[in-house]
Structure formats: C-alpha cells, structure tokens
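Remarks on the structure that follows.
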Amino acid sequence: MADFKPGEHVRLTIDNVRFSDVSQIRVAVTTEDGEVWVLPPHAVIERVAPAEWPPQQGDPWRGANGGLLFATDVHDIAETDEADIVLVTEEGGRVRPEAANQRYGPMTLDHRKGEMAATDA
C-alpha cells in the first residue's frame, strides 16, 4: 500500500464488495469522526491531493516533472469579491487547481508564505 500522510486527500474505490468473508479483510481506514472502516483487499486508495491542498495565494507548487506553478488570485479578472485562485505555469499559462493537480500531479507544495522553503532546509 502507498505511504499516505495524515490530511492528504484520497479517492477510495471499492468494487464488487462481499463483506461476508472476513478472512479477506486487509485494510482499515479511520474517518475524521474516529469511525473505522474495514476494507477488502481489492479496495483501491489513490492520492488525490496533498494535505496542504487547496493552493493559497502566493504558494509555489511543483508538478511531478519538477516544474513550478504559482498560485495567484485573479478575482479582478473574474469580477467577483471572492478569491479565485489559479495556478500560473512558468510559461505563463493559467490553470484551475483541480485541473493542475490532474494535469501536472502529483503536486507538492514547495513552501507556504511564512514557512522555510524546502530548498532552504
């Protein structure tokens, strides 16, 4: 099983489940409410987004290929008072966070404002 960190966003897929055969149970998941779900061995848990997701204004994120994407607020373009975060690629392209995670992921946060950059550690 993959090494997941607390807080990561995951997709849990369970197809063709038969809970009557307890000898086939292999995985247990604890929900935020402390409830434990016991899952069959064919359950699939996939990483969807890192624990720091969603991006915040000023965040530099790295895609799987190592390229940087910068989170910026484009509420002026959208003409709304609410923050509308997009990620800007090094080439200047704009992509919504959900699409960026699918296209460039898995994404990792380089550092968050007020925190030391991973390259500075």
Side-chain angles (χ1 to χ4, degrees):
M1 176 174 294
D3 184 25
F4 295 100
K5 295 188 303 186
E8 286 187 312
H9 301 254
V10 298
R11 175 180 300 112
L12 173 61
T13 307
I14 308 172
D15 289 329
N16 196 18
V17 175
R18 182 184 314 241
F19 279 104
S20 61
D21 187 356
V22 294
S23 67
Q24 296 298 309
I25 295 170
R26 300 280 190 272
V27 179
V29 175
T30 304
T31 68
E32 290 179 1
D33 299 328
E35 183 179 346
V36 176
W37 297 351
V38 180
L39 308 174
H42 58 277
V44 177
I45 303 174
E46 302 169 274
R47 182 175 288 108
V48 174
E52 301 86 2
W53 202 258
Q56 296 178 15
Q57 169 70 24
D59 282 352
W61 288 83
R62 289 202 182 272
N65 67 355
L68 279 172
L69 295 96
F70 299 92
T72 188
D73 181 350
V74 294
H75 74 276
D76 293 334
I77 297 170
E79 296 182 8
T80 178
D81 291 333
E82 294 184 29
D84 190 17
I85 300 294
V86 295
L87 292 167
V88 179
T89 66
E90 292 174 297
E91 296 79 28
R94 293 182 186 160
V95 62
R96 295 236 173 250
E98 301 78 25
N101 197 34
Q102 291 173 352
R103 190 178 304 161
Y104 302 108
M107 305 285 290
T108 56
L109 180 62
D110 194 62
H111 67 277
R112 187 151 275 158
K113 187 176 181 176
E115 296 177 2
M116 186 178 358
T119 56
D120 295 341

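We use all heavy atoms of the structure for the numbers below, so side chains are in, but hydrogens, waters and symmetry mates are not. Keep in mind it's a predicted model, so treat the numbers as computed, not measured.
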- Query: Heavy-atom distance under 4.5 Å between the side chains of Y104 and T89, does that happen here?
  - Reply: yes
- Item | Gap between atom CD1 of I85 and atom CZ of R94 - 0.5 Å precision | 12.0 Å
- Item | Distance, nearest 0.5 Å, that separates CZ of R62 from CG of D110 | 4.5 Å
- Item | Within-4.5 Å side-chain heavy-atom neighbours: L87 and P55 | yes
- Query: Nearest heavy-atom pair of P60 and L68: which atoms, and what distance?
  - Reply: CB-CD2, 4.3 Å
- In sequence, state the C-alpha distance, the side-chain angles, and the governing distance for D84 and R96, and then conclude on side-chain contact (heavy atoms from CB on, under 4.5 Å). CA-CA 9 Å; D84 190 17; R96 295 236 173 250; 2.6 Å; yes
- Can you see which heavy atom on L69 is nearest to which on G63, and at what distance? CD1-N, 4.1 Å
- Tell me whether M107 is reachable from F70 by hopping between hydrophobic residues (I, L, V, M, F, W, Y) whose side-chain heavy atoms are closer than 4.5 Å. no
- Which heavy atom of Q56 sits nearest a heavy atom of A71, and at what distance? O-CB, 3.1 Å
- If you measure from CD on E8 to CD on E52, what distance do you get to the nearest 0.5 Å? 8.0 Å
- Message: In the structure I gave you, are the side-chain heavy atoms of P50 and W61 within less than 4.5 Å of one another anywhere?
- Response: yes
- Message: In the structure I gave you, are the side-chain heavy atoms of T72 and Q57 within less than 4.5 Å of one another anywhere?
- Response: yes
